[in-house]
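All values derive from a computational prediction rather than experimental measurement. Just so it is clear, the values below take in all heavy atoms, side chains as well, and ignore hydrogens, waters and symmetry mates. Each chain gets a letter, A, B and so on, in the order its sequence line appears, and its residues count up from 1.
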Amino acid sequence: MTQELMATLSTVPVSLPRHSKSNHLNLNPNPNPSPPTVNNDRSFTNHPILSLINQCTSTTQLKQVHAQMLRSGLFFDPFSASKLITASALSPFSSLDYARQVFDQIPQPNLYTWNTLIRAYASSSDPTQSFVLFLQLLHQCELFPDKFTFPFVIKAASELKAFRVGRVFHGMAIKASLGSDIFILNSLVHFYGSCGDLDLALLQGGFPEEALELFRGMEKENVKPNDVTMVGVLSACTKKLDLEFGRWVCSYIERNEISVNLTLSNAMLDMYMKCGSVEDAKRLFDKMQEKDIFSWTTMLDGYAKLGEYDEARRVFDAMPCKDIAAWNALISAYEQSGKPKEALVAFRELQLSKDAKPDEVTLVCALSASAQLGAMDLGRWIDVYIKKHGIKLNCHLTTSLIDMYAKCGDLEKALGDLFSKMLEAKVKPNAVTFTNVLCACSHTGLVNEGQTLFYQMEPVYGVVPGEKHYACMVDILGRSGLLQEAVELIKKMPIAPTASVWGALLGACRLHGNIELAEQACSYLLELEPRNHGAYVLLSNINAKTGKWDRVSGLRKLMRDSGLRKEPGCSSIEVNGIVHEFLVGDNSHKLSKEIYSKLEEIAARLKSIGYVPNKSHLLQLVEEEDMKEQALNLHSEKLAIAFGLISMAPSQPIRVVKNLRVCGDCHSVAKLISRLYDREILLRDRYRFHHFKGGNCSCMDYW
DNA sequence: ATAGGGTTAG
């Protein structure tokens with residue numbers, strides 16, 4: 001829809017009248033006089049029915065007034081109709097659908113009426129409707145957009161980050177001699193700044209710069225920037241992380257005696273915080289006489305983004321009232337910086353506090369944290385919560401649900417259920433959705449489905465494949481043995497192959513024992529990421545598999561010399577909604593004794609069926625550098641599985657998440673446990689998913 | 001005759 005509109009708008013013949021800057025009298029203001037049905041008698045201004053409109057407190061009451069207006073004929077007076085539109089579109093109990101119905105019945109809506117509806121749509125959930133109306137205004141009636149119309153449609157363009165459409169509005173406003181209107185300029189400054197998040201903006205050097213250009217241009221046009229302008233200018237500085245210019249703007253505000261209200265102070269706070277001057281921000285914050293929820297949240301978010309969690313928490317605790325944005329700032333900061341456990345603790349706190357109700361953002365964060373931890377119980381609970389509260393499944397929420405189910409091992413639910421439903425409901429998948437879906441295809445070995453989707457991405461869904469999608473596709477192809485196809489795909493990439501692309505190829509080479517290609521992939525990978533521990537491990541693994549021990553020890557030496565060390569293995573498991581973490585040889589858990597005796601029991605049972613722990617040179621090298629025989633039993637994933645066996649009902653599958661690749665011995669043991677104890681085990685490691693059932697694993701022993 | 005532009009979380 002947006003694309004269609006953009007195309008239309010960019011070809012719109014601009015035939016706007018030039019708004020005279022001087023006060024010339026327009027001798028022929030309306031070449032097409034209104035039809036006779038329209039009553040232009042101004043005495044209606046004080047009509048008693050009109051005063052009723054202002055007393056309405058519900059749509060039902062408005063409808064009653066509407067009926068009276070129809071009966072009395074007042075509805076056919078454009079001014080009176082405009083009053084009804086304003087009430088139905090902008091009042092606190094507004095219903096845009098109803099406003100639109102009313103609008104469609106007005107024979108000759110005046111410009112005020114058009115503008116009111118365009119304005120209401122601009123800040124609605126569907127701002128494209130502003131564009132639709134704008135086009136109708138241009139093509140279906142004699143009226144022309146005026147200085148009120150443009151700020152609203154530009155606002156809609158900001159909301160949608162519709163850069164091209166917004167730029168067309170800018171051009172049209174200039175042609176209509178409205179290029180110096182401070183309201184239009186301010187909305188444009190904000191618009192250009194707000195388009196700065198797009199990938200496109202990054203490629204083109206950033207639109208915040210255009211916002212600043214507009215501000216500089218105001219000087220030449222002799223338009224005096226005001227406080228609202230400066231909010232937009234500061235916000236553009238924030239996007240550019242340009243502290244120097246930000247400071248200059250603050251002094252400009254002072255020099256030009258621009259009134260500094262709370263909003264402007266907040267914009268300054270945000271600029272200082274995000275551009276890296278916490279001191280300036282703190283100084284200003286402490287000095288501010290009046291603070292609102294924005295001031296507090298800006299400080300909170302600033303500290304959280306800097307990783308200063310204690311300080312963030314202090315600000316949060318000091319807040320006089322905490323709305324959902326404040327909670328979200330805290331929760332998302334944890335979730336985004338690899339602290340999913342802390343994120344969920346805060347999420348739980350929010351539910352207990354009853355300060356605010358979780359919204360889409362909160363739920364997306366909580367789902368993402370659940371996915372990171374493999375906490376499917378909580379993930380499912382959130383799924384139910386969404387349904388129970390009738391929360392509309394938008395793209396972000398659906399994508400997070402798909403991610404959560406896929407990462408927690410329910411690929412069927414993620415792909416078959418959620419993704420299909422998403423398409424059915426016409427919710428547009430975005431780049432992240434495709435990453436999750438392709439990843440799920442790779443884990444379930446859905447080569448054809450993955451390939452089809454990948455090639456549909458751009459033509460059907462308008463999502464340009466990025467490096468992550470290529471990496472997934474290389475993985476899907478390579479894993480199924482189509483190494484040559486994978487190489488061809490890499491060659492055809494319009495963007496430079498990234499480390500994850502080479503990593504995927506390397507993994508596939510390991511699986512299919514292609515040393516030659518592996519060496520190539522690895523050297524490309526190490527060129528991009530010289531400190532990639534996994535690359536060395538994989539390459540050693542392939543060489544060891546084919547007995548090239550010289551190369552193996554050479555690689556090991558290389559690793560040692562470069563001081564590369566493996567991060568400690570860590571596994572987590574969710575039991576009754578609480579996430580437990582285990583490190584290698586961990587005995588800090590309060591049920592540690594029971595866990596270790598369970599492990600002994602397992603070892604004995606395995607031994608009785610003839611199982612010999614796999615302590616081959618290969619595994620020692622690859623998985624745990626200084627692994628001793630007994631250390632096999634102390635791996636974090638084994639501890640987590642043992643804990644699951646003693647603490648969960650036999651009917652429940654055991655879900656474990658490990659931060660590194662699962663060790664070969666642990667993999668064999670998990671398979672046997674799934675048979676001996678008749679338990680499903682779902683183990684997600686850093687790279688893929690292992691679903692153990694009846695003695696087998698879904699990865700078919702290739703990982 | 002009526003009105004408009006701005007700041008925090010993802």
*Asks:* Hey, does the side chain of A/S332 come within less than 4.0 Å of B/dA9's phosphate (OP1/OP2), counting only N and O?
*Replies:* no

*Asks:* Atom OH of A/Y272 and atom C1' of B/dT7: how far apart are they, to the nearest Å?
*Replies:* 15 Å

*Asks:* Check DNA chain B against residues 290-317 of chain A and give the residues with a non-hydrogen atom under 4.0 Å, in numerical order.
*Replies:*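 Under 4.0 Å from DNA chain B: A/F294, A/T297, A/T298, A/D301, A/K305.
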
*Asks:* Tell me whether A/F183 is stacked on the nucleobase of B/dG4, counting only the six-membered base ring and applying the 5.5 Å and 30° thresholds.
*Replies:*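 Per 5.5 Å and 30° rule: yes, stacked.
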
*Asks:* A/Y303 and A/Y309: aromatic ring centres closer than 6.0 Å?
*Replies:*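 They do not qualify: ring centres at least 6.0 Å apart.
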
*Asks:* Taking the minimum atom-to-atom distance to the side chain of A/K147, which one of B/dG4, B/dA9, B/dT2 wins?
*Replies:*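 Nearest nucleotide to the side chain: B/dG4.
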
*Asks:* With sequence neighbours left out, what residues match A/K282 under salt bridge (Lys or Arg N to Asp or Glu O under 4.0 Å)?
*Replies:*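 If we apply the salt bridge (Lys or Arg N to Asp or Glu O under 4.0 Å) test to A/K282, skipping adjacent residues, the hits are A/D286.
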
*Asks:* Is the ring centre of A/F148 under 5.5 Å from the base ring centre of B/dA3, and are the two planes under 30° apart, so that they stack?
*Replies:*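 Yes, aromatic ring over the base.
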
*Asks:* B/dT2, B/dA9, B/dG6: which one has an atom nearest the side-chain heavy atoms of A/K274?
*Replies:* B/dA9

*Asks:* Are A/F103 and A/Y98, when compared by the centres of their aromatic rings, separated by less than 6.0 Å?
*Replies:*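 No, too far apart.
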
*Asks:* Measure CD/A/Q336 against P/B/dG10 and give the value in whole Å, please.
*Replies:* 6 Å

*Asks:* May I ask you to say what A/D323 touches in the nucleic acid, namely base, sugar-phosphate or nothing, with a heavy-atom cut-off under 4.0 Å?
*Replies:*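 Answer is nothing: A/D323 stays at 4.0 Å or more from every strand.
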
*Asks:* Would you verify whether the NZ or CZ of A/R216 falls within 45 degrees of the ring axis of A/F245 while also being under 6.0 Å from that six-membered ring's centre?
*Replies:* yes

*Asks:* Atom CG of A/N266 and atom C1' of B/dG6: how far apart are they, to the nearest Å?
*Replies:*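 For the pair A/N266 CG and B/dG6 C1', the rounded distance is 11 Å.
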
*Asks:* With centres under 5.5 Å and planes under 30° as the test, does A/Y112 stack with B/dT2?
*Replies:* yes

*Asks:* What nucleic acid atoms does A/D270 come within less than 4.0 Å of, heavy atoms only: base, sugar-phosphate, or nothing?
*Replies:* sugar-phosphate

*Asks:* Could you state the CZ-C1' distance from A/R119 to B/dT2, rounded to the nearest angstrom?
*Replies:* 11 Å

*Asks:* When you check the phosphate oxygens OP1 and OP2 of B/dG10, does a side-chain N or O of A/H396 lie under 4.0 Å from one of them?
*Replies:* no

*Asks:* For the pair made of NZ in A/K161 and P in B/dG10, what is the distance, rounded to whole Å?
*Replies:*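 Nearest whole value for this atom pair: 12 Å.
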
*Asks:* Whole angstrom is fine here: how far is it from CD1 in A/I53 over to P in B/dT2?
*Replies:* 16 Å

*Asks:* Within the 3.5 Å criterion, strictly below it, is a donor on A/S251 or A/R255 matched to an acceptor on the partner's side chain?
*Replies:* yes

*Asks:* Assess the pair A/F285 and A/W296: is the distance between their ring centroids shorter than 6.0 Å?
*Replies:* yes

*Asks:* Give a yes-or-no answer on whether the side chains of A/N110 and A/T113 include a donor-acceptor pair shorter than 3.5 Å.
*Replies:* yes

*Asks:* Taking the side chain of A/V361 as its heavy atoms from C-beta onward, which of B/dA9, B/dG6, B/dG4 lies nearest to it?
*Replies:* B/dA9

*Asks:* Report yes if the distance between the aromatic ring centroids of A/F191 and A/H170 is under 6.0 Å, otherwise no.
*Replies:*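 When the ring centroids of A/F191 and A/H170 are compared, they turn out to be at least 6.0 Å apart.
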
*Asks:* Using atom CG of A/N115 as one end and atom P of B/dA3 as the other, report the distance to the nearest whole Å.
*Replies:*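 After rounding, the reported distance stands at 12 Å.
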
*Asks:* Which part of the nucleic acid, if any, lies within contact of A/N110, taking any heavy atom under 4.0 Å across all strands shown: a base, the sugar-phosphate backbone alone, or nothing?
*Replies:*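 Base contact.
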
*Asks:* Using a 4.0 Å heavy-atom cut-off across all strands, classify A/F152 as base, sugar-phosphate, or nothing.
*Replies:* sugar-phosphate

*Asks:* Should the pair A/K428 and A/Y461 be classed as cation-pi, given the thresholds of under 6.0 Å to the six-membered ring centre and 45° from the axis?
*Replies:*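 No - A/K428 does not lie over the ring of A/Y461 by the 6.0 Å and 45° rule.
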
*Asks:* Between A/L90 (CG) and B/dT2 (P), how many Å, whole number?
*Replies:*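 After rounding, the gap between these two atoms is 16 Å.
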
*Asks:* With a cut-off of less than 4.0 Å, is there a side-chain N or O of A/K239 near OP1 or OP2 of B/dT7?
*Replies:*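 So the side-chain polar atoms of A/K239 never come under 4.0 Å of the phosphate oxygens OP1 or OP2 of B/dT7.
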
*Asks:* Between the base of B/dT2 and the side chain of A/S82, is there any donor-acceptor pair under 3.5 Å?
*Replies:*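 Pair found.
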
*Asks:* Mark yes or no for a side-chain to base donor-acceptor pair under 3.5 Å between A/D181 and B/dG4, with no hydrogen or angle criteria applied.
*Replies:* yes

*Asks:* So what does A/L234 touch, heavy atoms closer than 4.0 Å: a base, only the sugar-phosphate, or nothing?
*Replies:* nothing

